[in-house]
Amino acid sequence: MSKIPIMLHFNGNWDSYGRFRDFQVDGIVLDEETSYSMLISTIAEQLMIDTSEKIVEIKYIVNENCPPLEIKNNMGVSVYMETKKENKNLGSYPLLISVRDFNMELAITNENTSAGSSGTIQLLDMSASPIIEEYQSEIITEGTQSVIEEGQVYQDKQTIATAMRHYSVMHKFQFRVKRSSHRSYWLICVAENCNWHFKATSINDSAMFKIRSFNRQHTCTLMDDTFIQRKRTTVVVGSMVMPKYCDPKTVYTPKDIQTDMLSQHGVTLSYMQAWRAKEKALQLLRGHPADSYNKLPKYFYILEKTYPSSVVKLKKTTDECFLYAFVALCTLISGWEYCRPVVVVDGTFLKIAYRGIMLTASTMDATGTILPLAYAVVDSENDVSWKWFFEQFKQIYGERTSMCVVSDRNERSYTLDEFNERMSKIEEIDPRVKSYLYDIGYHR
């Protein structure tokens, strides 16, 4: 069976004339007799698309006088392959790939659906279709389902996997994945020769999954402490307590997690497991810290577009890792000329996974209100980072007559002679500063 090379155009946009613009390019190789599911699977693997969360739309253009043809099934793939055989060059008849979130677009509209707060979508009086006929009355959209039964339909594989992890916590047992793909999800008990099993498969190659078989009876003897050793416990508990952290003002400690899990679910957690569950919940809500650093270039681009004349700088190491970041917004820059020529600089620790220091520069306006001028994030508070910060600051704000920079960078104890020497130098620059410092008092 011969192979056919196919070019992929993706991450593009359709314009009003039916043309695919601003795309990226990749390629795949397929057998002539490939199926629709194999085509989807190959494209998803090559472009790293999670088909449990995304819908892949495939189109191609035969000629400029014909609108794009969409591949929806095996027949569509066969038609494309026959067309492609006429010209097997890589660049001929490229596949135009669009990806969108799976948002229940199976002819579900506001008029024929009603959504409740229980995490399900009720289907009402819908016209028959091959996919709709596969399931019964509701699609489960939340992974905290307390009752798991055969015939239930979940919006995607990720939701059903979350629901089963939640179920295992509630019933204090372990399972392992025997088979998992974009079309199937098969679980069995960790104990040998136990009859417990769970099987779910996709509905007509869509993102939705239906429970086909579920034997909830265990023929093994599992102890609670065996369950609690499972490494995935933090992920499950983290997903369960995640709603507690939606409000940033909420204080919900690992000790609270321990108490609630024991009283509500009868599960005993160590403090470390509860702490890890909290960290996992925060990660699920806010993402991984490393991902935030990856978004910095996009964030700076939006800042410059939203606030023209702002100055943002990003400095990387030789191996393209984050080192420094500097921000001075246009409104702050324009306000500097109306403020006192006194700049106070300081640094503070960042309580994040990768630590770091935030450096700030601020001043005071005529009304005595503090005005921030610039800030930076650096690796540590050292001479190199401060020098870089002041270089960026000087390029933007320049120097003014009688300008003064106040810092606690050299804070230390002085002998009486050293103190008098430095106060004399201050008096030479401006006697008023010496008087001001004496008025503050030695304790300050």
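Just so you know, these numbers use all the heavy atoms, side chains as well, and skip hydrogens, waters and symmetry mates.
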Check whether the ring centres of Phe175 and Phe198 lie less than 6.0 Å apart, and answer yes or no.
-> no
Exam field: side chain Ser206 to backbone Ile203, donor-acceptor pair closer than 3.5 Å | yes
d(Asp31 CG, Thr42 OG1) to nearest 0.5 Å is 9.0 Å
Are Tyr60 and Tyr93 close enough that their ring centers fall under 6.0 Å?
-> no
With distance as the sole test, does Gln258 use its side chain to make a donor-acceptor pair with the main-chain N or O of Leu269 at under 3.5 Å?
-> yes
Is it true that atom CE of Met38 has more than 12 heavy atoms of other residues, nucleotides or ligands lying nearer than 6.0 Å?
-> no
Please confirm whether the backbone N or O of Ser181 pairs with a side-chain atom of Lys157, one donor and one acceptor, at under 3.5 Å?
-> yes
Between CG of Leu90 and CD1 of Ile4, what distance do you get to the nearest 0.5 Å?
-> 12.0 Å
Examine the side chains of Thr253 and Asp256 and answer whether a donor and an acceptor come within less than 3.5 Å of each other.
-> yes
Return yes if some donor-acceptor pair links the side-chain N/O of Thr159 with the main-chain N/O of Gln155 below 3.5 Å, else return no.
-> no
Would you check, one step at a time, whether the test side chain to side chain donor-acceptor pair (under 3.5 Å) holds for Ser184 with Arg179?
-> CA-CA 7 Å; Ser184 65; Arg179 181 179 302 167; 5.2 Å; no
Any His218 side-chain heavy atom under 4.5 Å of Asn195 side chain | no
Pair Trp275 + Tyr271: ring centers closer than 6.0 Å = no
Walk me through it: do Lys210 and Gln152 pass the test side-chain contact (heavy atoms from CB on, under 4.5 Å)?
-> CA-CA 6 Å; Lys210 179 177 180 179; Gln152 288 179 335; over 6 Å; no
Determine the minimum heavy-atom distance between Ala328 and Ile396, stating which atoms define it.
-> CB-CD1, 3.9 Å
Check whether any side-chain N or O of Tyr397 sits under 3.5 Å from a backbone N or O of Gln392 as a donor-acceptor pair, and report yes or no.
-> no
Do side-chain atoms of Arg216 reach the backbone of Ile148 as a donor and acceptor pair under 3.5 angstrom?
-> yes
Shortest non-hydrogen contact from Phe389 toward Ala374 | CZ-O, 4.4 Å
Ser385 and Asn382 side chains, donor-acceptor separation under 3.5 Å | yes
Taking every non-hydrogen atom, the tightest pair across Tyr307 and Cys330 = CB-SG, 3.8 Å
State, to 0.1 Å, how close Gly238 and Lys280 come at their nearest heavy-atom pair, and which atoms those are.
-> CA-CB, 4.5 Å
Euclidean distance, Cys194 SG relative to Asn215 CG, rounded to 0.5 Å = 8.0 Å
Kindly say whether Met261 contributes a backbone atom to a donor-acceptor pair with the side chain of Gln264 at under 3.5 angstrom?
-> no
Enclosure of Tyr36 OH (heavy-atom neighbours >12, cutoff 6.0 Å) = yes
Any donor-acceptor N/O pair, Thr250 side chain to Cys246 backbone, under 3.5 Å = no
Judged by atom type as modelled, is there a donor-acceptor pair below 3.5 Å linking the side chain of Thr34 to the main-chain atoms of Leu30?
-> no
If we only count heavy atoms from C-beta on, is the Lys178 to Leu187 side-chain gap below 4.5 Å?
-> no
Determine, stepwise, if the pair Phe326 / Val378 fulfils side-chain contact (heavy atoms from CB on, under 4.5 Å).
-> CA-CA 9 Å; Phe326 179 92; Val378 299; over 6 Å; no
So, Ser92 and Asn89: side-chain donor and acceptor under 3.5 Å apart, yes or no?
-> no
Decide side-chain contact (heavy atoms from CB on, under 4.5 Å) for Ile333 and Val311; before the verdict, give the C-alpha distance in whole Å, the side-chain angles of both, and the deciding distance to 0.1 Å.
-> CA-CA 9 Å; Ile333 297 173; Val311 177; 4.1 Å; yes
State, to 0.1 Å, how close Val343 and Ala361 come at their nearest heavy-atom pair, and which atoms those are.
-> CG1-CB, 4.0 Å
Answer whether the closest heavy-atom distance between the side chains of Leu95 and Leu39 falls below 4.5 Å.
-> yes
Could you tell me whether the side chain of Val241 reaches within less than 4.5 Å of the side chain of Lys278, counting heavy atoms only?
-> no
Can you tell if the side chain of Val345 reaches within under 4.5 Å of the side chain of Val405, non-hydrogen atoms only?
-> yes
Aromatic centroids of Phe23 and Phe10 separated by under 6.0 Å | no
Kindly indicate, with the supporting measurements, whether the criterion side-chain contact (heavy atoms from CB on, under 4.5 Å) is fulfilled by His197 and Cys189.
-> CA-CA 6 Å; His197 69 268; Cys189 181; over 6 Å; no
Might you work through the ring pair (Phe, Tyr, Trp, His ring centres under 6.0 Å) test for Phe209 and Tyr154, ending with a clear yes or no?
-> CA-CA 5 Å; Phe209 267 65; Tyr154 291 76; 9.4 Å; no
Would His182 and Ser202 satisfy side chain to side chain donor-acceptor pair (under 3.5 Å), going step by step from the backbone distance to the final call?
-> CA-CA 8 Å; His182 71 285; Ser202 65; over 6 Å; no
Regarding Thr360 and Ser362, is there a side-chain donor-to-acceptor distance under 3.5 Å anywhere?
-> no
Parallel under 30°, tilted from 30 to 60°, perpendicular over 60°: which one fits the rings of Phe390 and Trp386?
-> parallel
Is there side-chain contact between Tyr375 and Leu359, with heavy atoms separated by less than 4.5 Å?
-> no
If you round to the nearest 0.5 Å, how far is CZ of Arg276 from CD of Glu279?
-> 10.5 Å
Side-chain touch Ile58/Ile40, heavy atoms, less than 4.5 angstrom = yes
Looking at Val237 and Ala277, what are the two nearest heavy atoms and their distance?
-> CG1-CB, 3.7 Å
Between Phe214 and Tyr167, how do the two ring planes meet: parallel, tilted or perpendicular, split at 30° and 60°?
-> perpendicular
Count the heavy atoms belonging to other residues, nucleotides or ligands that lie under 6.0 Å from OH of Tyr299, then report whether that count exceeds 12.
-> no
Do His9 and Met7 have side chains that get closer than 4.5 Å, going by heavy atoms?
-> yes
Look only at the side chain of Thr369 and the backbone of Asp365, and say whether a donor-acceptor pair between them is shorter than 3.5 Å.
-> no
Sidechain N-carboxylate O distance under 4.0 Å for Glu82, Lys85 | yes
If you draw a 6.0 Å radius around CD in Glu391, do more than 12 non-hydrogen atoms from other residues or ligands fall strictly inside?
-> yes
Cation over ring face, Lys313 and Trp388, 6.0 Å, 45° = no
How many angstroms lie between NZ in Lys84 and CE in Met81, if you round to the nearest 0.5 Å?
-> 9.0 Å
Rounded to the nearest 0.5 angstrom, the CD1-CD1 distance for Ile97 and Ile28 is 7.5 Å
Aromatic Trp186 / basic Arg212 pairing, under 6.0 angstrom, 45° off normal | no
